[in-house]
Amino acid sequence: MDTEFPQEVRIQAEQLRRGTLGVVPEHGLEEKLARARRTGKPLRIKLGLDPTAPDIHLGFAVVLRKLRQFQDLGHQVVIIIGDYTALIGDPSGRSATRPMLSPEAVQDNARTYVDQLARILDRDRTEVRFNSEWLGKLDFAQVIQLASRMTVAQVLQREDFADRYARHQPISLHELLYPLAQAYDSVAIEADIEMGGQDQTFNILAGRDLQREMGQEPQAALFMPLLVGLDGVKKMSKSLGNYVGIAEPPDTMFAKLMSLPDALMRDYFVLCTDLPVPEIDALLQQAGSGAVNPRDVKRRLAREIVALYHSAAIADRADAEWMRVHSAGELPSEMPEVLLTTEHAREGNVWICRLLVVAGMARGTGEARRLIEQGAVLLNGTRQTDVNVEFPLHALNGTVLQVGPKRYARLKT
RNA sequence: GGGGAGAUUCCCGAGUGGCCAAAGGGAACAGACUGUAAAUCUGUCGCGGAAUGCUUCGCAGGUUCGAAUCCUGCUCUCCCCA
């Protein structure tokens with residue numbers, strides 16, 4: 001079967017398959033690559049973006065990195081900013097209706113997106129389109145025409161709709177149009193391959209159907225797994241707070257990655273680094289057998305990732321800093337400064353609970369009080385146990401406030 | 001259009017006149033342990049310079065010494081029938 005395709009194509013397809021969940025149809029990748037090679041026409045790889053949350057994190061980078069691979073093979077990436085579909089709000093992966101966005105917010109987010117995309121993609125091989133360009137031109141009759149090509153039963157097959165329906169949660173009628181709109185995007189840009197997370201399965205397959213209906217060669221679908229977030233349970237997302245942003249400072253990235261559950265190391269290695277798979281498996285094997293401290297394998301992982309978005313030298317520095325702080329128990333070399341003024345003092349003294357609130361370590365003095373009672377608060381390394389202590393304002397200058405295992409601040413007066 | 005069910009603190013979910021700032025679980029936070037992983041144990045988890053204090057149980061009124069719980073109207077959701 002494989003021998004139908006030239007060796008070069010088979011090798012490329014093999015590389016592109018790394019980390020993917022699968023391709024529809026099975027040999028779609030090979031077919032498209034072979035055709036591009038034959039005709040000399042680069043493939044058009046589609047990725048649709050929902051301009052709601054413009055922060056790119058490692059989970060999203062998984063898909064972008066895959067696109068970059070295509071670009072490095074000479075293909076064209078078409079990013080679709082779903083400014084029009086954002087009026088609907090993609091129901092994918094949601095258990096609740098999404099709020100609609102204002103046009104201004106969509107524009108803002110789109111701009112931010114494009115800037116960040118440049119960190120991973122090759123600008124020369126990236127085309128950015130807004131789907132209002134074609135969706136906005138459809139009139140009601142055309143929408144009806146399109147909608148007639150899909151049945152309610154098909155749409156309700158979608159896991160998130162089915163789930164919400166089963167749980168008696170509301171589904172607005174307009175949400176049902178979302179897959180149709182996204183499918184039409186594929187027709188509009190004549191996509192050869194559409195990339196997406198597994199939560200996009202239905203939408204992407206709908207694109208194939210619609211393309212076929214409209215006389216185009218159906219796109220192949222390439223599915224990427226959703227990267228599990230730092231909590232080890234849910235998909236990485238900004239709103240869940242379990243993410244690592246690709247633009248975050250190296251020390252933050254490193255520390256976040258070190259808190260990753262062991263079980264996720266392989267996924268992160270495969271999806272977020274360029275390390276060859278056999279090498280990854282060798283590392284994990286060593287960690288598993290006890291030959292190497294798993295912590296050090298995780299450090300390797302963190303270094304690889306930080307190096308991708310910063311540099312190898314910066315990654316090494318972040319590693320050293322992390323070891324210094326977490327292994328040797330020393331203070332971080334940099335910590336946020338908190339300025340205390342007479343405003344925070346009473347008769348020249350600062351109440352310790354007030355201090356925590358000013359430093360942003362507690363939401364209110366009630367919470368501060370609890371943290372102290374639980375022994376979480378250290379001032380210059382000394383555990384504070386008295387909820388009522390006050391310190392003279394000037395005496396606090398230069399002291400280090402630590403709350404819990406990872407929050408530090410240097411006080412200034 | 002008709003009939004029925006429901007809206008509780010971040011989430012799920014108990015609570016049907018006082019013992020309710022509201023059970024239980026999850027998440028989160030903190031402590032112990034550790035490789036700042038996982039697992040486990042413990043504690044906290046509306047606000048609060050803490051008080052027999054204040055503000056919460058979809059929204060607005062009302063009954064009552066007293067309401068998350070009863071009544072009226074409103075908003076929203078789900079189910080069944082058409």
Side-chain angles (χ1 to χ4, degrees), chain A residues 94-97 99 161-173 175 228-235 237 239-244 251-269 283-284 286-302 318-332 335 343-347 349-378 383-391 401-408:
Chain A
R94 291 283 169 149
S95 54
T97 304
F161 283 142
D163 184 54
R164 276 159 64 187
Y165 192 69
R167 291 164 51 147
H168 298 167
Q169 286 178 339
I171 298 172
S172 294
L173 194 54
E175 292 181 82
V228 176
L230 297 175
D231 60 350
V233 182
K234 299 186 190 118
K235 74 166 181 175
S237 87
S239 57
L240 293 172
N242 60 357
Y243 71 102
V244 179
D251 288 337
T252 309
M253 269 178 117
F254 199 95
K256 281 189 175 186
L257 287 164
M258 288 305 291
S259 72
L260 187 75
D262 285 6
L264 292 183
M265 281 200 281
R266 187 167 199 282
D267 280 355
Y268 275 61
F269 264 122
L283 280 170
L284 292 171
Q286 290 174 321
S289 69
V292 173
N293 186 335
R295 181 197 63 179
D296 295 328
V297 174
K298 203 179 285 175
R299 283 170 58 205
R300 174 69 187 279
L301 172 67
D319 187 8
E321 169 77 359
W322 186 87
M323 284 300 279
R324 217 170 56 69
V325 175
H326 300 292
S327 192
E330 294 172 30
L331 289 176
M335 54 185 104
E343 220 177 288
H344 309 122
R346 203 152 88 174
E347 291 169 16
N349 293 320
V350 182
W351 178 37
I352 189 164
C353 292
R354 179 70 47 214
L355 187 58
L356 294 201
V357 174
V358 174
M361 308 290 199
R363 277 192 207 137
T365 55
E367 187 177 316
R369 179 184 296 266
R370 278 179 238 119
L371 285 167
I372 294 163
E373 283 166 353
Q374 292 179 126
V377 179
L378 276 69
R383 198 170 296 276
Q384 301 298 308
T385 51
D386 183 356
V387 171
N388 296 309
V389 270
E390 299 184 11
F391 300 97
L401 172 68
Q402 185 184 353
V403 177
K406 48 186 125 176
R407 287 183 290 170
Y408 298 87

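Chain naming here is simple, since letters A, B, ... match the order of the sequence lines and numbering starts at 1 in each. Given the structure is predicted, the values throughout are model-derived calculations rather than measurements. Values reported hereafter were calculated over all heavy atoms of this structure, with side chains retained and with hydrogens, waters and symmetry mates removed.
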Exercise. Taking atom P in both A67(B) and U75(B), compute the distance separating them and give it to the nearest angstrom.
Key: 26 Å
Quiz item: Hey, which of these two, Pro294(A) or His344(A), hits RNA chain B nearer its 5' end, going by closest nucleotide?
Solution: Pro294(A)
Quiz item: Would a distance-only check, ignoring hydrogens and angles, find a side-chain to backbone donor-acceptor pair under 3.5 Å from Lys256(A) to Leu230(A)?
Solution: no
Quiz prompt | Whole-Å distance separating the CZ atom of Phe269(A) from the C1' atom of A37(B) | solution = 14 Å
Self-check item: P atoms of U69(B) and U8(B), separation to the nearest Å
Solution: 13 Å
Exercise. Could you pull out the closest heavy-atom pair between Val387(A) and Trp351(A), with the gap in Å?
Key: O-NE1, 2.9 Å
Practice problem: Assign Gly366(A) to base, sugar-phosphate, or nothing according to its heavy-atom contacts below 4.0 angstrom with the strands shown. | Solution: base
Quiz prompt | Nucleotide opposite G24(B) in a Watson-Crick or G-U pair, distances under 3.5 Å | solution = C12(B)
Self-check item: B/S/- contact track for nucleotides 24-31 of chain B, protein heavy atom under 4.0 Å
Solution: -----SSS
Self-check item: Note: Arg324(A)-Glu321(A) ion pair, threshold 4.0 Å (strictly below)
Solution: yes
Quiz item: Heavy-atom distance under 4.5 Å between the side chains of His344(A) and Leu355(A), does that happen here?
Solution: no
Self-check item: Nucleotide opposite G35(B) in a Watson-Crick or G-U pair, distances under 3.5 Å
Solution: none
Self-check item: Arg363(A) CZ to U44(B) P, straight-line distance once rounded to whole Å
Solution: 18 Å
Practice problem: Kindly indicate whether the side chain of Asp262(A) and the base of G35(B) share any N or O donor-acceptor pair separated by less than 3.5 Å? | Solution: yes
Quiz prompt | Base paired to C76(B) (Watson-Crick or G-U; both N/O distances under 3.5 angstrom) | solution = G6(B)
Quiz item: If you measure from the P atom in A27(B) to the same atom in G2(B), how many Å do you get, rounded?
Solution: 46 Å
Quiz item: Using the P atom in both, what is the distance from U72(B) to G24(B), to the nearest Å?
Solution: 34 Å
Quiz prompt | Span that lies between the P atom of A7(B) and that of C57(B), in whole angstrom | solution = 14 Å
Quiz prompt | Rounded interatomic separation in angstrom, taking CG from Leu264(A) and C1' from G35(B) | solution = 16 Å
Practice problem: May I have the distance from Asn388(A) (atom CG) to A51(B) (atom C1'), rounded to whole angstrom? | Solution: 14 Å
Quiz prompt | For C70(B), the Watson-Crick or wobble counterpart (both distances under 3.5 Å) | solution = G62(B)
Quiz prompt | Rounded distance in Å between the C1' positions of C45(B) and U64(B) | solution = 34 Å
Self-check item: Pairwise C1' distance for U52(B) and A38(B), with rounding to whole Å
Solution: 47 Å
Quiz item: Are side-chain heavy atoms of Val377(A) and Leu401(A) found at a separation under 4.5 Å?
Solution: yes
Quiz item: For the residue pair Val357(A) and Arg363(A), what are the closest heavy atoms and their distance?
Solution: CG1-O, 4.4 Å
Quiz item: So what does Pro261(A) hit on the nucleic acid, given a heavy-atom distance under 4.0 Å: a base, only sugar-phosphate, or nothing?
Solution: sugar-phosphate
Quiz prompt | Strand partner of G1(B), provided both Watson-Crick or wobble distances fall under 3.5 Å | solution = C81(B)
Exercise. Using whole Å, report how far CD of Glu373(A) lies from P of A50(B).
Key: 14 Å
Exercise. Indicate yes or no for a side-chain donor-acceptor contact from Arg407(A) to the backbone of Met361(A) under 3.5 Å, with no hydrogens or angles considered.
Key: yes
Quiz item: Does Arg295(A) reach the side chain of Met258(A), with side-chain heavy atoms less than 4.5 Å apart?
Solution: yes
Exercise. Using the P atom as the reference point in each nucleotide, state the distance between C11(B) and G46(B) in Å, no decimals.
Key: 14 Å
